[in-house]
Chemist: 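Could you have a look at this structure, given as structure tokens, before my questions?
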Amino acid sequence: MSRVLHTTADLARAGLVEADAIDALEAVAARYAIAVTPAVAALINPTDPSDPIGLQYLPSPEELISAPGEQADPTGDQIHAPVKGIVHRYPDRLLLTATYACAVYCRFCFRREVVGPGGAGGLTPAELDGALAYIAGHPEVWEVILTGGDPLVLSPRRIADLVRRLSDIPHVKILRVHTRLPVADPEKVSEALVGALSVSRLTLAVGVHVNHARELTPAADAALARLAGAGALLLSQTVLLRGVNDRVEVLGDLMRALVERGVRPYYLHHPDPAPGTARFRVSLAEGQALVRGLRGRYSGLCQPTYVLDIPGGFGKVPAGPAWIESDGAGLTATDPWGGRHPVEAEEPEA
Ligand SMILES: *Cc1c(COP(=O)(O)O)cnc(C)c1O
Ligand code: SF4
């Protein structure tokens, strides 16, 4: 296999979906883009319907069923979009969305109503000028986060141009890039692309979206090594997904694999209620139990922060278990194995 699979017929020819499922999946494909790169296709076990890689990328008829609470814009990006291409939720950092295209399309994507090929929602040169003018006009912006879509699908020439223009804005110090490319299409993380990202004075951080240790192939390792070689601070982002990584050992193996490659586990995202993604949803209580299990069994280096993006655009908050709780008489700490211990007596009344 040497080309990207974009249609249900492509997926059927590659043996990744049953031929008699094509009709049902056509309606899904008409609504939500499909892309499976050769690197990803090679990881999917076609005979296992619960394969954790296949689940992330292969369309399902369930995507057209909406469940209560699902929202087209679960993280409320549009509420904080002062100009096209910018989401400014927190004072010191903002998102710059230069493209809505991705190398692969994840079935659980929280921006699934806007991502897709063909530049829909990508920025025209005038819109990019407007977005950069907004950043230049806001001296409190310390960090610019390139997101999308996947910003690294842009050509090295366009990336170098964007990075240079950002570095001309003196108050911007940090350039963070959120990408799935190192695992989705590792060869595309070329020396030219890495060079384009690191041409400037900006400190570069790369947040790599990885959900399962099997995604970290030798080719992905080489892509991460190229980024690290250019001085990028490597961070991970993982989406907690039912059937993909909702077990302590699976998450622990992933976090270890990341740390072994010099990637710092950063966020474990509670799944956002994007339309048609109910089959991936894990409850907060289940997520908290997983986090508790990770803490007891894996190194402190292997502990991402479990975060919830509060639906409606209210921001991300840590969503892990309450380790310390008040029980009236004082504070009680729960250890990673469930034991409870008084740690601080109630302050006497003044
Ligand atoms: C997630 C997010 C950020 C980055 O937040 P960090 O906690 O710094 O990783 C910035 N802006 C918006 C709108 C976000 O959703
Ligand atoms: S790579 Fe990111 S933006 Fe693109 S489909 Fe996957 S989750 Fe969504």
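We're numbering straight along the sequence, starting at 1. Counting starts at 1 for both ligands and their atoms, following the listed order.
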Chemist: Would H269 and F110 count as a ring-ring contact (aromatic ring centres under 6.0 Å, His included) here? Give the steps.
Modeler: CA-CA 11 Å; H269 293 274; F110 67 119; 7.4 Å; no
Chemist: Just to be sure I understand the cut-off, which residues have at least one non-hydrogen atom under 4.0 angstrom from an atom of ligand 1?
Modeler: V87, R89, Y90, R93, L95, I145, R176, Y266, Y267, K316
Chemist: I'd like to know if D10 pairs up with R3 as an ion pair, taking the criterion as any Lys NZ or Arg NE/NH1/NH2 lying under 4.0 Å from an Asp or Glu carboxylate oxygen.
Modeler: yes
Chemist: Among protein atoms, how many N/O/S atoms lie less than 2.8 Å from atom 8 (Fe) of ligand 2?
Modeler: 1
Chemist: Contact between V28 and R107 at the side-chain level, heavy atoms closer than 4.5 Å - yes or no?
Modeler: yes
Chemist: Can you tell me if Q288 uses its side chain to pair, donor with acceptor, with the backbone of A285 under 3.5 Å?
Modeler: no
Chemist: What's the shortest distance from atom 2 (Fe) of ligand 2 to any protein heavy atom, and which residue and atom give it?
Modeler: H209 ND1, 4.1 Å
Chemist: Thinking salt bridges, do R226 and E187 make one under a 4.0 Å N-O criterion?
Modeler: no
Chemist: Does any donor atom in the side chain of R340 or T332 lie under 3.5 Å from an acceptor atom in the other side chain?
Modeler: no
Chemist: Could you walk me through whether D129 and R165 pass the salt bridge (Lys or Arg N to Asp or Glu O under 4.0 Å) check?
Modeler: CA-CA 10 Å; D129 291 348; R165 293 178 70 184; 2.7 Å; yes
Chemist: Is there a side-chain contact between V141 and D92 in this structure, where contact means two heavy atoms from C-beta onward sitting under 4.5 Å apart?
Modeler: no
Chemist: Check salt bridge (Lys or Arg N to Asp or Glu O under 4.0 Å) between E113 and all other residues, then give those that pass, not counting sequence neighbours.
Modeler: R31
Chemist: Would you give me the side-chain donor-acceptor pairs under 3.5 Å for residues 302-322, sequence neighbours excluded?
Modeler:
unit_1	atom_1	unit_2	atom_2	d
Q303	OE1	R295	N	3.4
Q303	NE2	L294	O	3.0
Q303	NE2	Y298	O	2.9
Q303	NE2	S299	O	3.2
Y306	OH	H270	ND1	2.7

